[in-house]
Amino acid sequence: MPHTAAQRVPIRFAFAMLLATGAAVAHAQSSTELASVEVALDAGAISAPIPLDVPDGARELVVSIAGTDAAAGDLDLALSAQAGFVLPAFAQPADARAVADYWAAAPGDDVLRIDRHLRVPLAPGRWAVRVLNPGPQRASGRLRAVIDTATADTARFDLVFDDLAADCDTAPWRDPRVLAPPPGQSATTLGAQRRAAFAFAAERVAAALPPGPPIRVQPCWRDLGGSATSATLAAGLPLGWLRRADSEQRRTLAGLVEVAAGPFEAIPRGHTWLTAAAGSRLQGAAWCALARLPCPAASVRVDFNTAVDGPLALGALGFDYALQPRACAGRPAVDCDVDFVSVAMHELVHGLGFSSFYATFEQIQPAGEALDGFDDAYGAQVVDFRAGAATRLQPLSALAAAQRLAALGSPDGVRWNDPAAVDDAANPLRARSAPDNLVALESGAPFRAGRSLIHVAGELGDAGLMKADLERAYRSLGLARPMLDPLGWWRTVPPRGNAPRVFEGTWFDPARNGHGLEFGAVGSGHFALFYSYGADGRPEWFLAAGRLVDGVFAADRSAEGPSLLAYRYVGNDPPSGAPRAAESGTLRLDFREPGRHPACRDGLPRDASARALMTWEVAGGGVRRWCLTRVVPPLAPRPIDYSGLWYAGEADRGWGLTVTEFDAGAARGVFIGVFHPDAEGRPRWVYAHSDRFDPQGGTYILFERRGYARDAALPDEIAAGRFDDVPVGTMRIRFPSTRGGDDGRIDVEIGSRALPASRFTRSGSPLRVLSDPRPAE
């Protein structure tokens, strides 16, 4: 039906909230087998490292594990670019996944595909793979590793046109009506023409993307309605989301979308939601193997509008399934049939990454909200562009939900800030001065879910594939190509960024004032001493030891399983005892990007240059996450800094001191924690504080602090800095004349009539440093 320009009503794309399959793009391959090994493991066991020697010229490494029969149990894979793939003693399968570069844990067979475009790129040399048995029974299977030297450097799509999902109408893909083939096609039935056009669109998108595991797509049809002049053409969305986290979690949102969190170490940006297709590509494993879904599982869905090819929507117009654009493609869309290839490409890009929890999923959460408090990769690239707004040019993720919604509903609301797209030739604003050169995004009153934010805006010519209105046939990604980079589709190896700064010393969470952590280096490892309080408010402490790897301290497990150990002692002269598993727990410190975690977004003051995310659990009481910051800022230079961990030598282990020096104006101050067993063997701590620190001799009053349980609300009086401290003894201490010397001595007398069980004494005990000196800042 013809329309004049004045009458024209745009045909709109919609990113509708629908659960949104075969054909696959073929790739030539030339394979060389590196390993083929039968593996059998007991429940909870981990295999020894299996070496894989990657030769020069390798384009893709494919590692798989397959069960020998249906009753063989389930085995998982963990791959490391380090030949040794070292694990601590008593490691469990979850620990191996947490330190591996890549892993897969599907409910059945697993496959890893590693190429040269990833954060830890495939490179010549010795790699190592371990096989994991996380299940409750013995399991067996065959490990196979193959190198491909001819794999195409483009993405793979797996298009499943016969998906049996209850709400997926696949009949239009098999429509038997006979039609003349459109340009570029030879198919003579409507269903075959539709399939060919969708596969052609997928090939054009795949050619612009880096390689990875096949992206399984669920193409469906649905009646999305419409009028004679306007219609929603299709709706595409990601069926899943991944987030790098310290523990594994999975759930379904509103019966629509699967979300999974876990130690996805190949994902560069932490604490951020990434679409399932992008996360699968970065992790080198199928989406189902990362989210523990039945395999295979689609990660992208597209629903096309059945009404468009009918008599109601768009009148006499319908979809044009030509592979070669027709002559009318450059005119307004309502003057000719709708270019199906452009529609399909647009919706596939939505499923790959052009989506955001801030503006897409009304059935899951209100607009402007972050899922579980975490940013998503798309929203992370967007800034508030409102003129005169107090939040102008702030990241969308830094705003409160109401401010985000205000920006999305403002005519000059939001812009894309990633430099790859801002500097791209397809950006019509790039010649302007910053910040007016930022890529414009769809916004304006009223806010429209599925349209605002997740489409580009402005006059984009042939680069307008991701505009909300279809104005012509688009056959290239245009501006969408560089915008996909930070969404997980880098065409080159993504930057790893600077190594996180790790500071040793005393840490605490302002939201949990009174509890704290001493962290430091001892030889080739690190220790963490967590000081806290029991349910009765009495002090208690826990100890952990392990390695610091890439900015993460994951404490080693004991033979019983826990890694954050609560000790009980028998007698105290000298103390002798063992950790009690029932009272112990786990500990992990992550110094990478803690500011992106919701625990660090509570508005409390913290040193932005020195923060860490502490994940811990004690005695089965549930996992907690605290945002730590340093108690003491960097010190002025001094001949010797006595800060660190001290003890009485090997003959009297089981108690010790933490020393924290601080600058008290022109003087030298010190905080000393004494960690000891009481008369009943419980781990207790007391402290001394002075603004006049004399390392060569000083007597201090020791106080026992009454606090509040770790899982209790922060009391008002403690939030105001008022603590209940009880004097319980004295300490005389002389530090060695050199930090590593042996001429230090300490006398300790702890105990009072009010607290007879707290008694602990030492007289003339040696004082030896245990921790390494803290690095200068």
Side-chain angles (χ1 to χ4, degrees), residues 3 5 8-16 201 204-205 208 224 226 229-237 302 304-305 308 314 317 319-320 325 328-356 359-360 378 381-382 385 408-418 420-422 424-430 437-484 487:
H3 295 272
R8 186 170 70 89
V9 178
I11 300 172
R12 295 186 176 90
F13 287 111
F15 193 101
R204 295 190 69 82
V205 174
L224 301 176
T229 57
S230 180
T232 295
L233 302 174
L237 80 162
V302 179
F304 294 97
N305 189 355
V308 172
L314 306 184
L317 301 181
F319 281 123
D320 181 0
C328 73
R331 291 157 45 202
V334 292
D335 292 342
C336 59
D337 286 335
V338 177
D339 188 61
F340 183 86
V341 170
S342 296
V343 175
M345 291 175 64
H346 177 107
E347 302 302 345
L348 284 171
V349 171
H350 272 314
L352 295 173
F354 261 63
S355 56
S356 170
T360 302
Y378 188 97
Q381 314 308 319
V382 180
F385 203 72
L408 295 175
S410 171
D412 56 355
V414 287
R415 295 280 182 102
W416 187 266
N417 193 35
D418 183 72
V422 174
D424 195 87
N427 176 20
L429 306 176
R430 71 184 181 122
N437 60 342
L438 302 185
V439 175
L441 298 177
E442 179 89 3
S443 65
F447 165 77
R448 286 176 281 187
R451 178 175 174 120
S452 299
L453 179 67
I454 59 171
H455 293 93
V456 294
E459 296 300 324
L460 294 166
D462 292 334
L465 176 68
M466 296 312 295
K467 292 193 69 173
D469 298 332
L470 180 63
E471 298 170 345
R472 65 183 75 190
Y474 301 103
R475 296 302 183 94
S476 69
L477 268 64
L479 194 55
R481 176 49 274 182
M483 292 178 72
L484 282 169
L487 307 183

| Which residues satisfy the ring pair (Phe, Tyr, Trp, His ring centres under 6.0 Å) test with F385, sequence neighbours excluded? | none
| task | List for me each residue that meets side chain to side chain donor-acceptor pair (under 3.5 Å) alongside R204, sequence neighbours excluded, and say none if there are none. | result | none
| task | Tell me, please, which residues at least two apart from R481 pass salt bridge (charged side-chain N to carboxylate O under 4.0 Å, His left out). | result | D485
| note | Sorted by chain and residue number, the side chain to side chain donor-acceptor pair (under 3.5 Å) partners of S476 (sequence neighbours excluded) come out as none
| Residues two or more places apart in sequence or in another chain: which of them pass side chain to side chain contact (heavy atoms under 4.5 Å, CB included) with S443? | V414
| task | Return yes if some donor-acceptor pair links the side-chain N/O of Y378 with the main-chain N/O of L453 below 3.5 Å, else return no. | result | yes
| message | Applying side chain to side chain contact (heavy atoms under 4.5 Å, CB included), can you list everything that pairs with D418, at least two apart in sequence or on another chain? | response | Q381, W416, A420, P486
| request: Check side chain to side chain contact (heavy atoms under 4.5 Å, CB included) between A480 and all other residues, then give those that pass, not counting sequence neighbours. | output: V349, F354, M466, L477
| query | Can you check whether L438's main-chain N or O pairs, donor with acceptor, with N417's side chain at less than 3.5 Å? | reply | no
| Residues in side chain to side chain donor-acceptor pair (under 3.5 Å) contact with D412, at least two apart in sequence or another chain | S410
| Parallel under 30°, tilted from 30 to 60°, perpendicular over 60°: which one fits the rings of F304 and F319? | perpendicular
| message | Ignoring hydrogens, what is the shortest heavy-atom contact between A231 and N305? Give both atom names and the distance. | response | CB-ND2, 4.4 Å
